[in-house]
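Here the structure comes first, spelled out in structure tokens, and everything after it is commentary.
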Amino acid sequence: MFAVRSIPRVTVVVGQATPFAVQARNMATLKEISMRLKSVSNIAKITKSMKMIASTKVTKAQRAMEAARIYGTSATALYKHTETESAGDAHNLVVVLSSDRGLCGGIHGSLAKGTRKFIATHPDSSLVIVGQKARAQLQRDNRDKIAVTFDGVAKNLPSWNEAALVADEIIKSGTKFDTAQIVYNQFKSVIHFDTVVVPVHSYKALSESPKLAAYEVEDPVLKNFEEFTFANTIYWGIAESNASEQAAKRTAMENATKNAGEMIEKLTLTYNRSRQASITNDLIDIITGAMAV
């Protein structure tokens with residue numbers, strides 16, 4: 001008769017992790033944390049570089065803005081001296097000055113919000129949008145009001161020639177208006193901007209001004225002044241918006257770099273704790289095995 005040798009059964013309780021499973025889980029966790037730590041570190045390097053680039057561009061944008069602000073305020077000052085006002089039933093053309101770039105906080109959202117607020121009180125207005133970001137937000141509920149759109153404006157520093165081309169294309173499009181409302185972000189400081197609306201009156205409204213007779217301006221000159229003021233105010237708004245955008249981008253990248261640094265600290269602490277726990281478990285297994293021999 002052959003002796004029957006019984007093989008002991010190993011019972012594994014469901015829900016209870018074995019030492020091998022714990023070790024494998026810790027290794028997977030360490031690998032995931034390490035990959036995430038490396039990813040966040042790379043993002044922090046990118047945001048830091050973008051912050052430095054934006055800081056350089058802010059200085060250049062401020063110089064261009066200060067020059068444009070002088071010409072813009074002097075050109076529109078005539079409306080105050082002549083007490084020029086548009087009629088109550090005047091048709092408004094809203095010119096929104098945005099850009100094609102993002103990663104600059106809620107600067108484009110402020111433009112869209114200010115434009116919607118103006119259109120809510122002037123529902124018959126037409127829209128001209130400069131920049132893809134504002135167009136993407138405004139065309140959702142105002143697609144039928146958009147007359148002309150522009151992309152790729154002021155990729156580097158704003159120029160008066162570029163603004164004049166934009167104004168010329170708007171006039172050539174045949175869009176009729178009594179008053180052009182220029183909507184842009186006015187630069188206040190590196191951390192603050194305001195969305196403002198600057199009116200540019202038409203030749204008809206300017207010729208009917210109460211105190212225009214004091215200047216003795218001929219009609220051809222007045223017509224040229226209307227077109228010049230329209231282009232000049234667009235240039236002023238683009239320069240102000242560009243400076244506000246660069247400042248907002250610098251602030252956004254600074255906050256992103258700071259948040260990435262905080263995440264790196266937390267992930268490093270979690271990684272070190274998990275690694276220490278894994279090493280402690282390995283030592284316990286080695287000591288337990290040595291004691292069992």
Donor-acceptor under 3.5 Å ([X] side chain, [Y] main chain):
X    : Y    : answer
T229 : F225 : yes
K249 : V58  : no
N185 : I107 : yes
N259 : N255 : yes
S74  : Y71  : yes

Could you name each residue pair satisfying salt bridge (charged side-chain N to carboxylate O under 4.0 Å, His left out) that touches [range], not counting sequence neighbours?
range            : result
residues 61-79   : R69-E240
residues 121-139 : R135-D151
residues 253-272 : R250-E254
residues 43-61   : none

Mind checking whether L222 and F228 sit in one hydrophobic cluster, side chains of I, L, V, M, F, W, Y counted as touching below 4.5 Å?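 Shared cluster, no.
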
In terms of hydrophobic clustering (I, L, V, M, F, W, Y; side-chain heavy atoms under 4.5 Å; direct or indirect links), are I238 and L157 co-clustered?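 Per the 4.5 Å side-chain linkage, I238 and L157 are not co-clustered.
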
My understanding is that only residues two or more places apart in sequence, or in another chain, count here; which of them pass side chain to side chain donor-acceptor pair (under 3.5 Å) with Q181?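 So Q181 forms a side chain to side chain donor-acceptor pair (under 3.5 Å) with N92.
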
Are [X] and [Y] close enough that some pair of their side-chain heavy atoms sits under 4.5 Å apart?
X    : Y    : result
S125 : L93  : no
L206 : S209 : yes
S244 : Q186 : no
Y235 : P158 : yes
M65  : N242 : no

I need the single residue from T84, T82, T76 that forms a side chain to side chain contact (heavy atoms under 4.5 Å, CB included) with H201. Which is it?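 Checked T84, T82, T76 against H201; only one passes side chain to side chain contact (heavy atoms under 4.5 Å, CB included): T84.
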
Among Ile, Leu, Val, Met, Phe, Trp and Tyr joined by side-chain contacts under 4.5 Å, find the other residues sharing a cluster with [X] and list them by chain and number.
X    : value
I279 : L283
V183 : V94, V96, L111, F118, I119, L127, I129, L138, I146, V197
I43  : none

With sequence neighbours left out, which residue pairs that include part of residues 158-177 fulfil the side chain to side chain donor-acceptor pair (under 3.5 Å) condition?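 Every pair satisfying side chain to side chain donor-acceptor pair (under 3.5 Å) with a residue in residues 158-177: W160-N232, D168-K172, S173-T175.
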
What residue pairs, at least two apart or across chains, pass side chain to side chain donor-acceptor pair (under 3.5 Å) with a residue in residues 97-114?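 Checked against side chain to side chain donor-acceptor pair (under 3.5 Å) - neighbours excluded - the pairs reaching residues 97-114 are S98-H108, S99-E245, R101-E245.
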
More than 12 heavy atoms of other residues, nucleotides or ligands under 6.0 Å from CG of N156: yes or no?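 Incorrect, the count does not exceed 12.
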
For D141, salt bridge (charged side-chain N to carboxylate O under 4.0 Å, His left out) partners two or more places apart: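 Expected list: R116.
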
Which atom pair, heavy atoms only, marks the closest approach of I33 to L267?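 Heavy-atom minimum between the residues: CG2-O, 3.7 Å.
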
For the student: nearest non-hydrogen atoms of S189 and A247, plus distance: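 Heavy atoms only, the tightest pair is O-CB, 4.5 Å.
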
Sequence neighbours excluded - ring pair (Phe, Tyr, Trp, His ring centres under 6.0 Å) pairs with any residue from residues 168-193: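 Sorted pair list: F177-F230, Y184-W236.
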
